[in-house]
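Keep in mind that what you see is a predicted model, and the values were worked out from it rather than measured. So that the names make sense, note that chain A is the first sequence line, chain B the second, and so on, each numbered from 1.
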Amino acid sequence: MPPLQRGALPPVVGFIDMDCFYVAVERARDPRLLGKPCAVVQYPTGQRGRPDLRPEDDRWRTGGPMGGIIAVSYEARARGVTRQMSGAEAKKVCPEVILVQVPTAFGKADLQIYKDAGDAVVDLLASRCDATEKRSVDEVAIDITGAAEHLLASRAAAELGAAASAATHLADSALSVDAAKVTRSSARQGHDKQQSRDTSELADGWEEVLRRAASDPVAWRLIAGAVVVKELRQQVESTLGFTCSGGVATNKVLAKLGCGLHKPNQQTLLLPHAAPVLLKDLPLDRLPGLGGDFGQAVKSRFGVQSAGELLQVPRPDVLKQFPQRGEWLLALAAGDDSAAEAVKDRQLVKSLSNGKTFFGEKRLRSLEEVDYWLGELTGELHRRYLQQVEKHQRTPSTLQVSLTLDQKEHLTRQQPIQLGSQGTPEQILQTAKACARRAGAVSGVISLGLSLSNMIPLEASSASLSKFFGRKSEGAASKEKGEKPQEKAKAKPKEANLLGACFARAADLLVHRLNQRPGLESCPASEFRPAKGSRSGRGCFGGAPAEHPAGDSERAGPGAQVEEAPL
DNA sequence: ATTTTGTTGCC
DNA sequence: GGCAACAAA
Ligand SMILES: Nc1ncnc2c1ncn2[C@H]1C[C@H](O)[C@@H](COP(=O)(O)OP(=O)(O)OP(=O)(O)O)O1
Ligand SMILES: [Mg+2]
Ligand SMILES: [Mg+2]
């Protein structure tokens, strides 16, 4: 990997998470919400033929059913409002709370305004980053090694130190370590440990850090990274009007962990020496991949609660209980770089999906009803598909239908679809119906979902290809957003697959080398199987397999699927 | 009684 | 390539 070869030094990784994001998007549209306790709700978007609520309509909810809360302002959090509450419950604990309903289109929630806002953040960040990875609608991981090194070379050390320390929490400060002790569920709600931002706390520890960093190149680059993140956050706020929190560390896991320690509108630097301090009492479920059944199994298997406790378990015991993932697990609990994937350069989503659930009485009882809702879902997805063609010159090649039937059975059916640049809703609907028929969707349908995936570039113009190669291999800020270079789609009946076929292999290798590193990485779910019937409160829409990562030889791999020993 | 997106294992 | 399961925001 020519451009970013940095010898043995680890990269400088930043992580950005927007503050109460959907609320922030609504506040940017309607400043009356600024400073007020408010929340965004999804009204149970049910019946056929109800008028849609467009983004520009008055969407404040005052009476009737209030829907479920999906985002909460910090003012409302302080008064006890939480996600997952119903609007009515929120009104009980906080009568002043303003509830804004998400727009609807095609008879269902329409999240487009939030997606657009999230994309704008990614675009802005990408201007200064070596790699920009969209992690969710409101999160971005960034490789800022280049920008940090540039600052180191162009600004005086004292100036950098002053700028970083004035704006950045240290992850091993007393306040940070306290913030790390709360479990995932309480951390998500926001708590006082995260919020106090007086300067005496910020100063805590910085003097010594700056002294020691003089002879520590890794630390110095990270400190410069904190300045980069500070500037990027400022730019996001002034350009887009959203505040966010930031984290800086040598890998994605730690950067994200740091990011979550102080919110809203704050940032945290997690230097290598702080990792053990922070992880010692960190509840295991705060680590990525351990927030679900697997994390619970790890906890109960060893009788541990924190990452520090897990590290006390004799290594052979861990490896015996979790042969495939034991090494990864221990590296993760230690905050080791080898447990985290490199920051990928992917600025766009890999799939477009939507879905709707039909509870109880609303269960779909006939083929006619199923087809009606497939039509509504198709309408929305087609609109989004056209947007991808226009804005990003790419088209999906797989359609997946997912549905839940009466007895909780969940099924998916997929098939290739050729939409090119001018696909029609009818084309999507016909394919969707075919999939639904194969799945046996006739009556007792509790949920329906559609997904378009396997995005491929439209138009194998030599321009788009050489752009891809040229920019990437020079390593300079590439504006490519991460589509698969192999397999070009025909924009029109013409344009065959010539260049695409020629370059597919080389492009694949190149992308792979830029995006992947060897090592432990990844956090799958083998070696742990949930109890038989234990699939109760989970989501309905199985996502679409977006694409194959063209797996590099040695993963923790399939082959030896090992059942965990019973308790 | 939510709606998305991404990953991995297995065939 | 197709499908199920899991994890996350
Ligand atoms: N379970 C969910 N269902 C639907 N939408 C969700 C869910 N979780 C999160 N979202 C949406 C709404 C959020 O504003 C947005 C970003 O999530 P997240 O970062 O976890 O919280 P947040 O941005 O609202 O607050 P915070 O300031 O704590 O980050 O994604
Ligand atoms: Mg957020
Ligand atoms: Mg988030």
Side-chain angles (χ1 to χ4, degrees), chain A residues 17-18 20-22 40-46 65 67-71 83-84 86 102 104 108-112 114-115 118 133-139 184 188 256 260 285 287-295 297 324-325 341 344 346 348-363 377 380-381 384 397-402 404 409-416 435 438-439 446-454 521-530 534-549 551 555-562:
Chain A
D17 185 299
M18 309 306 295
C20 56
F21 189 49
Y22 287 11
V40 172
V41 295
Q42 270 181 144
Y43 181 65
T45 69
I69 290 178
I70 56 175
R83 178 176 293 152
Q84 305 244 84
S86 72
V102 309
T104 67
K108 55 179 292 304
D110 176 10
L111 304 173
Q112 195 60 44
Y114 315 112
K115 290 174 181 153
E133 180 179 344
K134 183 178 182 67
R135 299 281 300 179
S136 82
V137 70
D138 90 322
E139 286 171 27
R184 171 177 300 228
R188 296 214 57 69
K256 176 171 172 125
D285 68 4
L287 293 172
L290 302 187
D293 293 346
F294 180 68
Q324 302 299 306
R325 297 198 286 167
E341 295 174 358
K344 298 182 173 97
R346 179 180 61 76
L348 303 176
V349 293
K350 301 171 78 164
S351 64
L352 312 175
S353 55
N354 64 8
K356 185 168 167 55
T357 45
F358 308 92
F359 287 106
E361 295 307 287
K362 303 211 192 89
R363 244 175 332 118
L377 294 175
E380 199 221 3
L381 219 50
R384 288 164 60 191
S397 56
T398 302
L399 176 75
Q400 177 175 279
V401 172
S402 50
T404 308
E409 310 162 272
H410 188 75
L411 297 146
T412 68
R413 292 293 181 266
Q414 68 185 55
Q415 71 179 63
C435 288
R438 275 202 285 145
I446 291 170
S447 78
L448 266 185
L450 293 186
S451 181
L452 288 169
S453 58
N454 280 327
E521 326 204 335
S522 75
C523 42
S526 72
E527 134 188 9
F528 167 74
R529 287 270 164 268
S534 77
R535 189 185 165 86
S536 49
R538 293 204 197 172
C540 283
F541 316 117
E547 82 184 77
H548 285 271
R555 276 265 177 267
Q561 165 78 1
V562 180

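When distances are taken from the side chain of A:Ser351 to each of C:dA9, C:dA4, B:dT5, the shortest belongs to B:dT5. Among the nucleotides C:dA7, B:dT3, B:dG6, the one closest to the side chain of A:Ala109 is B:dT3. Side-chain atoms of A:Gln84 lie closest to B:dT2 of the nucleotides C:dG2, C:dA7, B:dT2. The side chain of A:Phe359 lies closest to B:dT2, out of B:dT2, B:dT3, B:dT5. Nearest nucleotide to the side chain of A:Lys350, out of B:dT2, B:dT7, B:dT3: B:dT7.
At least one donor-acceptor pair closer than 3.5 Å links the side chain of A:Glu133 to the backbone N or O of A:Lys344. With A:Arg83 contributing its side chain and A:Ile70 its backbone, the two residues share a donor-acceptor pair below 3.5 Å. A:Ser447 contributes a side-chain N or O that, together with a main-chain N or O of A:Thr404, makes up a donor-acceptor pair within less than 3.5 Å. Of the possible polar contacts, none joining the A:Asn454 side chain to the A:Ser397 backbone as a donor-acceptor pair under 3.5 Å is found.
A straight line from CD1 of A:Ile446 to P of B:dA1 spans 15 Å, rounded to a whole angstrom. Distance A:Gln324 CD to B:dG9 P: 8 Å, rounded to the nearest Å. Counting to the nearest Å, the P atom of B:dT3 and the OH atom of A:Tyr22 are 12 Å from each other. Distance CD1 (A:Ile69) to P (B:dT2): 13 Å, rounded to an integer number of Å. Atoms CD (A:Gln400) and P (C:dC3) sit 8 Å apart, rounded to a whole Å. The nearest whole Å value for the distance from the CG atom in A:Leu399 to the C1' atom in C:dG1 is 15 Å. Across the protein-nucleic acid pair, A:Asp110 atom CG and B:dT2 atom C1' stand 14 Å apart, rounded to whole Å. Distance CG (A:Leu411) to P (C:dA4): 6 Å, rounded to an integer number of Å.
Using a 4.0 Å heavy-atom criterion, one finds that A:Gly291 contacts the sugar-phosphate atoms exclusively. Residue A:Leu450 is out of contact with every strand shown, counting any heavy-atom pair closer than 4.0 Å. Within 4.0 Å of A:Lys256, counting heavy atoms only, lie sugar-phosphate atoms of the nucleic acid but no base atom. Among the protein residues, A:Val137 comes within range of no part of the nucleic acid, since none of its heavy atoms lies under 4.0 Å from any strand. Residue contacts for A:Asp17: at a heavy-atom cut-off of 4.0 Å it reaches no nucleic acid atom on any strand shown. Within 4.0 Å (heavy atoms only), A:Arg438 reaches sugar-phosphate atoms of the nucleic acid but no base atom.
Taking side-chain N and O atoms only, A:Ser353 has no distance below 4.0 Å to OP1 or OP2 of B:dT4. For A:Lys115, a side-chain nitrogen or oxygen approaches OP1 or OP2 of B:dT5 to under 4.0 Å. Taking side-chain N and O atoms only, A:Arg184 has a distance below 4.0 Å to OP1 or OP2 of C:dA8. For A:Lys108, no side-chain nitrogen or oxygen approaches OP1 or OP2 of B:dT2 to under 4.0 Å. Dashed line: the shortest gap from a side-chain N or O of A:Thr412 to OP1 or OP2 of C:dC3 is not under 4.0 Å. Between B:dT3 and A:Thr357, a contact under 4.0 Å exists linking OP1 or OP2 to a side-chain N or O. OP1 or OP2 of B:dT7 has not a single side-chain nitrogen or oxygen of A:Arg135 nearer than 4.0 Å. Distances shorter than 4.0 Å separate none of the side-chain N or O atoms of A:Lys344 from OP1 or OP2 on B:dG6. Contact annotation: A:Gln42 side-chain N/O to B:dT3 OP1/OP2 distance is not under 4.0 Å.
Judged as a salt bridge (charged side-chain N to carboxylate O under 4.0 Å, His left out), and not counting sequence neighbours, the contacts of A:Glu139 are A:Lys256. Applying the side-chain contact (heavy atoms from CB on, under 4.5 Å) test to A:Gln415 and every residue at least two apart in sequence or in another chain returns A:Thr431, A:Ala434, A:Cys435, A:Arg438.
Each of A:Ile70 and A:Leu352 lies near DNA chain B, and the nucleotide nearest A:Ile70 is the one positioned closer to the 5' end.
Interatomic distance, CG of A:Asp285 versus CG of A:Leu290, reported as 8.5 Å (0.5 Å rounding).
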